[in-house]
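Heads up: the structure comes next, in structure tokens.
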Amino acid sequence: MKLGLKLLQERAKVGSFWWPYISNLPETYTVPIFFSGEDIKNLQYAPLLCQVNKRCRFLLKFEQEVKNVLKNLKPSEHPFGGQDVDASSLGWAMSAVSSRAFRLYGKKLPNGTHSDIPMMLPLIDMCNHSFNPNARILQEQDAGNPKMLIKVVAEREIKQSDPLLLNYGCLSNDFFLLDYGFVIPSNPYDHIELKYDGALMDAASMAAGVSSPNFSSPAPWQQEILFQLNLDGEVPNLKVTIGGPELVEGRLLAALRVLLSNDREMVQRYDLSVLKSLSAEGPLGVANEVAAFRTIIALCVIALGHFPTKIMDDESLLKQGVSVSTELAIQFRMQKKSVIIDVMRDLTKRVKVLLSKETTTA
């Protein structure tokens, strides 16, 4: 927002050095804070709705703070040349920065690391995003030098007329839509957020046919492990994710493996890092692993049920021709549903492999 205020100041300044750049910035942005109420609802995904509402509330509150400061200033002291600054212009500035700024090295800290500082880089910000970029940003280390160079360097041979592509970061579609105003199809870093809740886990494991789950009332030794996973205690972090490179967040997987086991000694043989790893094949036995995977599949079914529409409904809506913001909202929720379905497919295959191994062993 600080950089956004600087941008508004330069936009209001007569003869600003940056005017050729600022005059070419988009007048509107396709980020959710500018969606209609209906299209915000169309996102159908609570964690993102929460973020959008949080940003909108911040802008409305900040508008009042800015107006309170500006009303007592003389015209000669007005930082925006007497122009009105409201939630809409603040939202424009915040969106211009979030969709274009790069986080680069700021001042060197006493511990040798650098602080992050957002910078708007004219020309460089015309490069689009790709997880398979052909270029990268290189910054000289001397952040105190006013002539510090920031350049884009080719990572491989680039043909004439090919676009220069940078990796904006290994981000979920939540961040791409919130900050940049687009959605990446089949994003390998996209995931869904769930709240770790004993009653929800009990319901999922019972739906999966797992006998006598005890998520709501874990034994003291199991509770101790939940505490180590930061899923219990005074200030636990109950947000867990499904999807993305991990497929299942390690903390969730470890919690399920531990709570679906009654063998304290066997559990305590393993380090938490093993219990959190999906690559560690069934450390607590085949039956335990199958029960854990089936519980996650049931969790996915419950999560999918929270979306009011199915992917087929969404596809037919897109074919009807809709506004840009409606299209983005529908694409976003379709990708979230696809993440859930992909996780279910993957874990179903793993369950089949585990059961076939068990049958072969028997």
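- Around CE of Met266, the count of heavy atoms belonging to other residues, nucleotides or ligands within 6.0 Å exceeds 12.
- Here the closest heavy-atom approach between residue Arg100 and residue Pro26 is recorded as NH1-CD, 3.8 Å.
- Panel note: side chain Gln335, backbone Ser186; a donor-acceptor pair is recorded below 3.5 Å.
- To the nearest 0.5 Å, atom OG of residue Ser316 and atom CD1 of residue Ile311 are 12.0 Å apart.
- Remark: the Asn230 side chain and the Asn237 side chain contain no N/O donor-acceptor pair separated by less than 3.5 Å.
- The minimum heavy-atom distance linking Leu3 with Pro118 is given by the pair CD2-O, 3.5 Å.
- Note that the OG1 atom of Thr295 and the CG atom of Leu256 stand 6.0 Å from one another [nearest 0.5 Å].
- Classified by interplanar angle (parallel below 30°, tilted 30° to 60°, perpendicular above 60°), the ring pair Phe182/Tyr168 is tilted.
- When every heavy atom of Phe131 is checked against every heavy atom of Gly169, the shortest pair comes out as CE2-O, 3.4 Å.
- With no hydrogens or angles considered, a side-chain donor-acceptor pair links Asp232 and Gln223 at under 3.5 Å.
- Counting heavy-atom neighbours within 6.0 Å of Phe227 CZ, excluding the residue itself, gives a total of 12 or less.
- Residues satisfying the side-chain hydrogen bond (donor to acceptor under 3.5 Å, both in side chains) criterion with Arg136, sequence neighbours excluded, are Glu155.
- Leu121 contributes atom CG, which lies 5.5 Å from atom CG of Leu104 (distance to the nearest 0.5 angstrom).
- Note on Asp314 versus Lys310: no salt bridge recorded, every NZ/NE/NH1/NH2 to OD/OE distance being 4.0 Å or above.
- Taking the charged nitrogens against the carboxylate oxygens, Arg55 and Asp179 do have a contact shorter than 4.0 Å, which makes a salt bridge.
- With Asn134 contributing its side chain and Pro163 its backbone, the two residues share a donor-acceptor pair below 3.5 Å.
- A salt bridge links Lys6 to Glu10: one of the charged nitrogens lies within less than 4.0 Å of a carboxylate oxygen.
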Original post:
Does the pair Tyr189 and Leu171 meet the rule for a side chain to side chain contact (heavy atoms under 4.5 Å, CB included), with working shown?
Top reply: CA-CA 6 Å; Tyr189 301 97; Leu171 307 171; over 6 Å; no
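- The pair Asp174-Lys336 counts as a salt bridge, with a side-chain nitrogen and a carboxylate oxygen less than 4.0 angstrom apart.
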Distance-only check: which donor-acceptor pairs under 3.5 Å involve side-chain atoms of residues 60-71, not counting sequence neighbours?
| residue | atom | partner | partner atom | Å |
| --- | --- | --- | --- | --- |
| Glu63 | OE2 | Ala87 | N | 3.1 |
| Asn68 | ND2 | Gln64 | O | 3.2 |

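- Here the CG-CD distance, from Leu48 to Glu193, works out to 9.5 Å after rounding to the nearest 0.5 Å.
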**OP:** List the steps, then state whether side chain to side chain donor-acceptor pair (under 3.5 Å) holds for Thr326 with Ser323.
**Re:** CA-CA 5 Å; Thr326 306; Ser323 70; 2.8 Å; yes
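- Asn288 and Ser261 form no side-chain donor-acceptor contact under 3.5 Å, judged by distance and modelled atom types alone.
- Glu246 and Thr241 share no side-chain donor-acceptor pair at under 3.5 Å.
- Between atom CG of residue Leu138 and atom CD1 of residue Ile150 there is a gap of 10.0 Å, rounded to the nearest 0.5 Å.
- The minimum heavy-atom distance between Lys276 and Ala254, with the atom names listed, is CG-CB, 3.6 Å.
- Figure legend: Arg11 and Trp18 shown without cation-pi pairing, the cationic atom not lying both under 6.0 angstrom from the six-membered ring centre and within 45 degrees of its axis.
- In the hydrophobic clustering of ILVMFWY residues, with side-chain heavy atoms under 4.5 Å counting as a link, Ile184 and Leu165 come out apart.
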Original post:
Going through the distances and angles, do Val240 and Leu231 end up as a side chain to side chain contact (heavy atoms under 4.5 Å, CB included)?
Top reply: CA-CA 9 Å; Val240 290; Leu231 292 171; 4.1 Å; yes
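- The two residues Asp39 and Ala329 have their closest heavy-atom pair at O-CB, 3.6 Å.
- Side-chain contact check for Asp271 and Ser273: at least one donor-acceptor pair (N or O, by modelled atom type) lies under 3.5 Å.
- Sorted pairs that involve residues 267-318 and meet ring pair (Phe, Tyr, Trp, His ring centres under 6.0 Å), not counting sequence neighbours, are lacking altogether.
- Summarising the geometry, atom OG1 belonging to Thr309 is positioned 7.0 Å from atom CG belonging to Leu317; distances are rounded to the nearest 0.5 Å.
- Counting heavy atoms from C-beta outward, Val31 and Phe34 have side chains that approach closer than 4.5 Å.
- Scanning all heavy atoms of the two residues, the minimum distance from Gly181 to Leu328 falls at O-CD1, 3.6 Å.
- Side-chain atoms of Ser89 do not come within 3.5 Å of backbone N or O of Val85 as any donor-acceptor pair.
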